[in-house]
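Lettering follows sequence order; numbering is per chain, from 1.
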2 protein chains.
Amino acid sequence: MENQTPDPIEPTLSGPQAAALLAARGQAVAPGVPGQPFANMLCFSVYAAQLAFNRLYKQLLAPHGLTYLQYLVLVALAQAQDRTVGELGEVLFLESNTLTPLLKRMEAAGLVVRRRDTQDERVVRVALAPAGAKVVGEVECVPLDVLSALDMPMGDLQQMKVAMDRLGAELRKTGG
Amino acid sequence: MENQTPDPIEPTLSGPQAAALLAARGQAVAPGVPGQPFANMLCFSVYAAQLAFNRLYKQLLAPHGLTYLQYLVLVALAQAQDRTVGELGEVLFLESNTLTPLLKRMEAAGLVVRRRDTQDERVVRVALAPAGAKVVGEVECVPLDVLSALDMPMGDLQQMKVAMDRLGAELRKTGG
DNA sequence: AGCGATTAGATCGTGTGCGATCTAATTAGG
DNA sequence: CCTAATTAGATCGCACACGATCTAATCGCT
């Protein structure tokens with residue numbers, strides 16, 4: 001495959017030689033089995049679980065024209081008259097550099113409404129549009145359905161949520 | 001802020017009206033406090049924890065010129081002579097559409113070496129380059145340091161890793 | 001009132017993720 | 001052998017994330 005020439009890849013260095021360099025340090029990087037390089041790395045397990053969640057939700061939300069993040073925004077808006085971009089950011093742990101393009105796409109799709117606050121023209125208030133309210137109702141049961149489909153006790157899953165919330169809070173403290 | 005006119009934002013619909021639409025369904029979307037719309041959503045807690053991990057690692061890895069994903073690739077390569085793109089994908093739960101550009105950037109940065117397998121020209125073998133072996137040694141202790149900095153018992157964190165691995169496996173089963 | 005500092009969003013560039021599609025290399029079946 | 005199917009990567013377009021920077025609106029201080 002590859003186009004034309006099979007992608008040159010200049011032989012800068014032989015592979016075994018590189019591995020030897022590491023071995024020369026006298027200490028393996030991780031004690032895991034060759035097939036599982038991320039033993040003792042909770043960060044990786046969270047990363048992998050998030051990937052898996054995202055893929056599953058993508059399947060379930062795509063028929064409704066939503067991405068996972070767009071779904072989260074709709075859920076966050078479903079409980080309030082409206083939220084400012086900053087408030088959405090607090091709830092979703094995101095900044096305006098992520099939210100502004102996202103909200104513009106959602107507005108273009110008719111899911112939300114953006115409007116400048118009349119008291120403070122710096123503030124943008126975001127609210128559900130009718131299509132957004134409709135679709136958030138359609139996908140309301142998705143999270144519970146997903147968890148129900150897993151072969152794991154619901155009590156364990158609840159405990160895991162508490163633990164993840166705690167972990168996230170601790171990590172945010174540390175990041176300072 | 002904003003350029004010229006304060007971003008028109010055509011008033012397609014009033015916000016309260018949208019919220020009313022949802023309330024009319026007779027059932028709140030989630031029973032949580034207004035400030036915490038994601039009660040009972042483990043997916044969100046995992047998402048938020050992953051964001052927090054990623055931000056913290058970004059801080060710690062940036063001085064070494066690594067992103068989090070690049071770091072994972074280096075760790076995966078540190079245990080083997082080399083790995084094919086497909087093998088890396090199995091370990092990292094990623095496909096070639098993500099790995100190929102990533103590996104090309106890492107090769108350009110001198111972190112890894114890519115080479116066509118001589119037996120099967122379809123296969124690309126990836127190995128640590130000297131700079132990659134050097135930097136993976138420098139950041140070897142980062143994961144443990146991060147966890148140590150948290151105000152949580154190490155035993156709890158180990159249990160969480162087991163639980164996350166299980167959750168990821170279950171989600172991947174469900175996704176079909 | 002006037003002006004520097006602060007604040008809320010927006011913009012830009014880079015790096016993931018991923019669905020869809022493409023190509024070249026290998027394999028399978030007649 | 002020769003072609004169809006399979007396989008391993010690569011490419012493309014779009015949607016997050018985020019550091020860095022910008023602008024407009026508001027606030028604070030004199």
Side-chain angles (χ1 to χ4, degrees), chain A residues 1-7 9 47-48 50-59 61-62 65-73 83-90 92-106 108-109 114-126 175, chain B residues 1-7 9 47-48 50-59 61-62 65-73 83-90 92-106 108-109 114-126 175:
Chain A
M1 42 85 92
E2 203 115 291
N3 298 342
Q4 34 178 7
T5 300
D7 217 17
I9 303 184
Y47 163 81
Q50 200 276 329
L51 277 186
F53 258 131
N54 215 337
R55 281 164 195 174
L56 190 47
Y57 269 82
K58 187 165 293 202
Q59 282 184 32
L61 295 177
L66 291 180
T67 67
Y68 180 60
L69 186 53
Q70 289 172 2
Y71 168 67
L72 291 183
V73 169
R83 285 187 202 264
T84 69
V85 172
E87 287 166 352
L88 276 176
E90 281 180 31
L92 296 170
F93 302 110
L94 294 172
E95 307 285 326
S96 69
N97 52 3
T98 298
L99 287 174
T100 295
L102 168 68
L103 293 170
K104 285 189 170 185
R105 281 190 295 269
M106 294 182 72
R114 288 161 67 241
R115 185 194 301 251
R116 292 270 161 197
D117 187 305
T118 50
Q119 303 304 307
D120 186 342
E121 288 283 342
R122 291 174 302 181
V123 173
V124 168
R125 299 198 164 275
V126 185
Chain B
M1 43 79 111
E2 206 111 296
N3 298 340
Q4 35 179 7
T5 299
D7 220 18
I9 303 183
Y47 163 80
Q50 201 275 330
L51 276 185
F53 258 130
N54 215 337
R55 282 164 194 174
L56 190 47
Y57 269 81
K58 187 164 292 199
Q59 282 184 33
L61 296 176
L66 291 182
T67 67
Y68 179 60
L69 185 54
Q70 289 172 0
Y71 168 67
L72 291 183
V73 169
R83 285 186 201 265
T84 69
V85 173
E87 287 166 351
L88 277 175
E90 280 179 34
L92 297 171
F93 302 109
L94 293 173
E95 307 286 326
S96 69
N97 52 3
T98 298
L99 286 174
T100 295
L102 168 68
L103 294 171
K104 285 190 170 182
R105 281 190 294 269
M106 294 182 72
R114 289 161 67 241
R115 184 194 301 248
R116 292 271 159 196
D117 188 303
T118 50
Q119 302 307 306
D120 186 341
E121 288 283 342
R122 291 173 302 180
V123 173
V124 169
R125 299 200 164 273
V126 185

* **Side-chain donor or acceptor of B/Arg116 paired with backbone N/O of B/Glu121 under 3.5 Å** => yes
* When we call it a touch if two heavy atoms are under 4.0 Å apart, what does A/Leu102 touch: a base, just sugar-phosphate, or nothing? -> sugar-phosphate
* Asked: How would you label the contact of B/Thr98 with the nucleic acid (heavy atoms, under 4.0 Å): base, sugar-phosphate, or nothing?
  -> base
* To do: Using whole Å, report how far NZ of B/Lys104 lies from P of C/dG15.
  => 14 Å
* Asked: Which whole-number value in Å describes the distance from B/Phe53 CZ to D/dA17 C1'?
  -> 17 Å
* When all nucleic acid strands are considered with a 4.0 Å heavy-atom cut-off, which category describes A/Leu51: base, sugar-phosphate, or nothing? -> sugar-phosphate
* Which of these nucleotides, C/dG9, C/dA8, D/dA17, is closest to any side-chain atom of A/Arg122? -> C/dA8
* Indicate the ring-plane relationship of A/Tyr68 and B/Tyr47, choosing parallel, tilted or perpendicular according to the 30° and 60° boundaries. => perpendicular
* Asked: How many angstroms lie between atom CG of A/Leu94 and atom CG of A/Leu102, to the nearest 0.5 angstrom?
  -> 8.0 Å
* **Toward the 5' end of DNA chain D, by each residue's nearest nucleotide, B/Val85 or A/Leu69** => B/Val85
* To do: Select base, sugar-phosphate, or nothing to describe what A/Gln119 touches, counting heavy atoms under 4.0 Å on all strands.
  => sugar-phosphate
* Could you check how far CG of A/Leu92 sits from C1' of D/dC18, rounded to whole Å? => 15 Å
* Hey, is the side chain of B/Arg116 poking within less than 4.0 Å of OP1 or OP2 on D/dA10, counting only N and O atoms? -> yes
* To do: Please report, rounded to the nearest Å, how far the P atom of D/dA10 is from the CG atom of B/Asp117.
  => 13 Å
* **d(CZ, B/Arg105; C1', C/dG13) in whole Å** => 13 Å
* Looking at B/Tyr68, does any N or O in its side chain come under 4.0 Å of the phosphate oxygens OP1/OP2 on D/dA17? -> no
* Residues, nucleotides or ligands: over 12 heavy atoms within 6.0 Å of B/Glu87 CD -> yes
* Asked: Hey, does the side chain of A/Thr67 come within less than 4.0 Å of D/dC16's phosphate (OP1/OP2), counting only N and O?
  -> yes
* Assess whether one donor atom and one acceptor atom, taken from the side chain of A/Asn97 and the base of C/dG9, lie less than 3.5 Å apart. => no
* Asked: Would you say a side-chain N or O of B/Thr84 is under 4.0 Å from OP1 or OP2 of D/dG9?
  -> yes
* To do: Starting from P on D/dA8, measure out to CG on B/Asp120 and report it in whole angstrom.
  => 8 Å
* For B/Leu94 and C/dC18, give me the distance from atom CG to atom C1', rounded to whole Å. => 10 Å
* Asked: Whole Å only: how far is the CG atom of B/Leu72 from the P atom of C/dG17?
  -> 9 Å
* Structure fact -> Quick note, B/Lys58 side chain, CB onward, closest among C/dA10, D/dC18, C/dA8 is D/dC18
* Asked: Which pair of heavy atoms, one from A/Met106 and one from A/Gln70, lies closest together, and at what distance?
  -> CE-O, 3.5 Å
* Can you find a donor-acceptor pair, distance only, under 3.5 Å between A/Ser96 side chain and C/dA10 base? -> yes
* Asked: So, is A/Gln70 near the phosphate of D/dC16, with a side-chain N or O under 4.0 Å from OP1 or OP2?
  -> yes
* **Identified side-chain hydrogen bond (donor to acceptor under 3.5 Å, both in side chains) partner of A/Arg125 from the options A/Thr118, A/Thr84, A/Asp117** => A/Asp117
* Structure fact -> Note: for A/Arg125 and B/Glu95 on DNA chain C, the residue whose nearest nucleotide lies more 5' is A/Arg125
* To do: Please tell me which of A/Thr100 and A/Ala52 maps to the more 5' nucleotide of DNA chain C, matching each residue to the nucleotide holding its nearest heavy atom.
  => A/Thr100
